[in-house]
Amino acid sequence: MRAQVLEKLEAGRVRYGEFASAPGSGPCGLFFVQGPRGCKLRIVGFVRPGWEHVSVSTARRCPNWEEMCFVKDLFWDEEECVMQLHPPHSQYVNNSRYCLHLWKPTRQEIPMPPTSFVGVVGLGPSEAAILFERMRAIL
């Protein structure tokens, strides 16, 4: 996690009440931040032995990809890899209907697949759309 909390995040820190944390106490605490699409995001950050964790929620829906990327960049550098997990159903914990989580282990690197497994490296969204349309035409 970032050693210094970005101003945008620090400005949203809850400083009074039951869930307050002191200014300058790093990434741990409860924060309310305006997201990139205008939705207020409720963000909880903390560090536990072996893990960095951030939860992100909104009042009426799950956060979208753009919001999760936005929050990821508030807490971690852009070249750090963090993950969302889909645990076995027997280990589900669901205390909030509209909450997603970001995780980073601190004692090991997150394995990543080759970028070519994700998509065509060097192909932008518009070129990819043309390629996918050509693929649909074959079906």
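Closest heavy-atom contact between Pro23 and Arg15: CG-NH1, 3.6 Å. The minimum heavy-atom distance between Gly29 and Ser21, with the atom names listed, is CA-OG, 3.7 Å. Residues Tyr98 and Arg61 come closest through the heavy atom pair CB-O, 3.2 Å. Closest non-hydrogen pair, Cys28 versus Val47, comes out as SG-N, 3.6 Å.
In the displayed structure, Tyr92 atom OH is contacted under 6.0 Å by more than 12 heavy atoms of other residues, nucleotides or ligands. By the neighbour-count criterion of 12 heavy atoms within 6.0 Å, atom CZ of Arg2 is densely surrounded, having more than that number from other residues, nucleotides or ligands.
Counting only distance, with no hydrogens or angles, the side chain of Glu80 and the backbone of Asp77 share a donor-acceptor pair below 3.5 Å. Of the possible polar contacts, none joining the Lys72 side chain to the Met83 backbone as a donor-acceptor pair under 3.5 Å is found.
Leu9 and Val14 fall into different hydrophobic clusters, where Ile, Leu, Val, Met, Phe, Trp and Tyr side chains are chained together by heavy-atom contacts under 4.5 Å. Residues Val82 and Leu100 share a single hydrophobic cluster, defined by chaining ILVMFWY side chains whose heavy atoms lie under 4.5 Å apart.
Side-chain atoms of Leu102 and Trp76, non-hydrogen and from C-beta on, do get closer than 4.5 Å to each other. At a threshold of 4.5 Å between non-hydrogen side-chain atoms, the residues Arg42 and Leu30 count as touching.
None of Ile43, Val33, Val56, Leu41 except one satisfies the side chain to side chain contact (heavy atoms under 4.5 Å, CB included) rule with Glu67; the exception is Leu41.
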CA sep, side-chain torsions, deciding dist, call: Ser25, Arg13, side chain to side chain donor-acceptor pair (under 3.5 Å): CA-CA 10 Å; Ser25 54; Arg13 182 184 298 277; 3.1 Å; yes

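Phe46 CZ to Met1 CE: the interatomic distance, rounded to the nearest 0.5 Å, is 9.0 Å.
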